[in-house]
Structure formats: structure tokens, C-alpha cells
Amino acid sequence: MSLEFLLTSLLVVASPGTGVVYTIAAGLAQGWRASLVAAFGCTLGCAPHALAAVSGLAALLYASPLALQALSYGGALYLLWMAWGMLREQGPLQLQAHQGARSNATLIRSGVALNLLNPKLSIFFLAFLPQFLEPGQAHAMQHLLTLSGLFMTVTFTVFSVYGLFAAALRQHLLQRPAVLRTLRYLFAAAFAVLALHLAGWW
């Protein structure tokens with residue numbers, strides 16, 4: 001396993017995106033356990049894209065502009081729903097001092113959906129993984145699956161760090177209603193911007 005692959009994966013995963021925003025929000029909303037569950041959900045959402053890239057399905061998706069656009073719009077609508085839920089203090093991420101904890105299943109479903117509806121992940125795996133194959137390498141599919149597993153491990157680790165850091169600040173922030181309200185607006189705006197970017201409108 002090359003150091004170059006690890007460093008590239010780390011840079012890609014650590015860049016702010018839907019998974020990072022979601023995991024941080026989960027940590028602030030419900031604490032460290034929820035942040036780990038959210039990180040797991042987002043990581044699990046990468047698996048179908050990795051399998052699609054390895055099996056060649058991602059290439060078919062990339063070759064169909066209509067399918068790619070439909071998936072992009074679906075992902076954008078889901079992100080906008082998340083943004084609306086934040087503004088209304090509803091949905092899986094409610095930044096409130098007193099609230100019923102969302103179930104692990106709900107957090108995982110939302111995390112999976114966020115990444116599953118992101119076609120850029122399929123394109124990323126399709127373009128990223130083959131660069132680390134040697135020409136004529138034996139057992140290429142097995143090697144690609146190993147690389148995918150390593151990427152997902154990096155994803156879970158980095159997202160967990162983000163989430164745990166947010167959870168550590170939770171009590172401090174929840175005692176300040178004005179800060180809490182500002183955070184809700186910021187997360188809602190972040191989800192909205194990511195939705196526009198995913199749909200190609202920004």
C-alpha cells in the first residue's frame with residue numbers, strides 16, 4: 001500500500017463536504033456516540049460507489065448524462081431537505097439543548113443517503129482507484145477492493161475525529177442559545193450550498 005495513496009485519501013476525505021458537515025452536526029446535536037454512528041453511516045454510503053467503480057457500473061453511469069443528472073438532482077434535493085430540517089429544528093440533526101436522541105438507525109440511514117445520492121463519489125472512485133494499479137497487475141479487482149476498503153477506513157477515521165471534536169464542544173455551545181441559533185443557520189447554509197454545488201447550479 002503506497003504512502004501516496006494514503007496521503008491522497010487523507011486530503012480528499014479531510015476536505016469539507018457533506019460527510020464532514022453531517023458528522024460534525026451529529027456530534028453537536030447528540031454527542032460523541034452519535035458522531036461515530038454518523039461517521040459509520042457516511043462511510044457505509046461509500047461502499048456502493050466503490051463496488052460500482054470496481055465492477056464497471058460507474059463507467060456506465062458516467063456514460064449516461066441523464067442518469068448522472070438524475071442522481072445529482074436527487075442528492076441535491078436530499079441536501080436541501082436536510083437544510084430545511086435544520087432551519088425548522090427538525091430532521092435527524094437538531095441542535096437543541098433538550099431533545100429526544102435520534103436512533104442510530106436514523107443517523108446511519110441519513111449518512112448512507114447523503115453519500116449514496118452523490119454521483120461524484122462514483123466518478124471519484126472510477127478516476128482515482130485505477131491510478132494506483134500497475135500495468136498488467138495480477139488480481140487487479142482484489143487490489144481495487146483492498147484500496148477501496150483502505151479509503152473507507154480513512155474516511156471513518158477522519159470523520160470520527162471531526163465528530164468527536166464537535167462533541168467535545170457540545171455542552172459549551174448548548175449553553176449559549178445565540179451561538180446555537182447561529183450554528184443552525186450555518187449548517188443549513190452549508191447543506192444548501194453543497195446541494196447547489198452537487199446539482200451544478202453553483
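Index from 1, following the sequence.
Transitive grouping of hydrophobic side chains (ILVMFWY, heavy atoms separated by less than 4.5 Å) brings L44 and V20 into a common cluster. Under the 4.5 Å side-chain heavy-atom criterion for grouping Ile, Leu, Val, Met, Phe, Trp and Tyr, L164 is not connected to V37 through any hydrophobic cluster. V21 is connected to I108 through a chain of hydrophobic side-chain contacts under 4.5 Å among Ile, Leu, Val, Met, Phe, Trp and Tyr, so both are in one cluster. Note on L6: it clusters hydrophobically with L145, by side-chain heavy-atom contacts below 4.5 Å among ILVMFWY residues. V12 and Y162 end up in the same hydrophobic cluster when Ile, Leu, Val, Met, Phe, Trp and Tyr side chains are linked at under 4.5 Å.
Scanning all heavy atoms of the two residues, the minimum distance from L28 to R170 falls at O-NE, 2.9 Å. Of all heavy-atom pairs spanning C46 and N115, the tightest one is SG-ND2, 3.7 Å. Nearest heavy atom pair, residue A167 against residue G31, reads CB-C, 3.6 Å. Taking every heavy atom of both residues into account, S35 and G27 meet most closely at CB-CA, 3.7 Å. Taking every heavy atom of both residues into account, C42 and T23 meet most closely at SG-OG1, 4.2 Å.
Checked against side chain to side chain contact (heavy atoms under 4.5 Å, CB included), R33 has no partners two or more places apart in sequence or in another chain. In this structure, the side chain to side chain contact (heavy atoms under 4.5 Å, CB included) partners of A34, at least two apart in sequence or on a different chain, are Q30, L107. With sequence neighbours excluded, the residues satisfying side chain to side chain contact (heavy atoms under 4.5 Å, CB included) with F165 are L169. Checked against side chain to side chain contact (heavy atoms under 4.5 Å, CB included), S160 has the following partners two or more places apart in sequence or in another chain: L36, A39, F156.
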Let's go through T8 and L11 carefully: what are the C-alpha distance in whole Å and the side-chain angles of both, what is the deciding distance for side chain to side chain contact (heavy atoms under 4.5 Å, CB included) to 0.1 Å, and is it a yes or a no? CA-CA 5 Å; T8 304; L11 288 174; 5.9 Å; no

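Rounding to the nearest 0.5 angstrom, the gap separating the CG atom in L186 from the CD1 atom in I24 is 11.5 Å.
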For residues 147-155, please give each side-chain donor-acceptor pair under 3.5 Å, one per line with the distance, not counting sequence neighbours.
residue: S148; atom: OG; partner: L144; partner atom: O; Å: 2.9
residue: T153; atom: OG1; partner: G149; partner atom: O; Å: 2.9
residue: T155; atom: OG1; partner: F151; partner atom: O; Å: 2.9

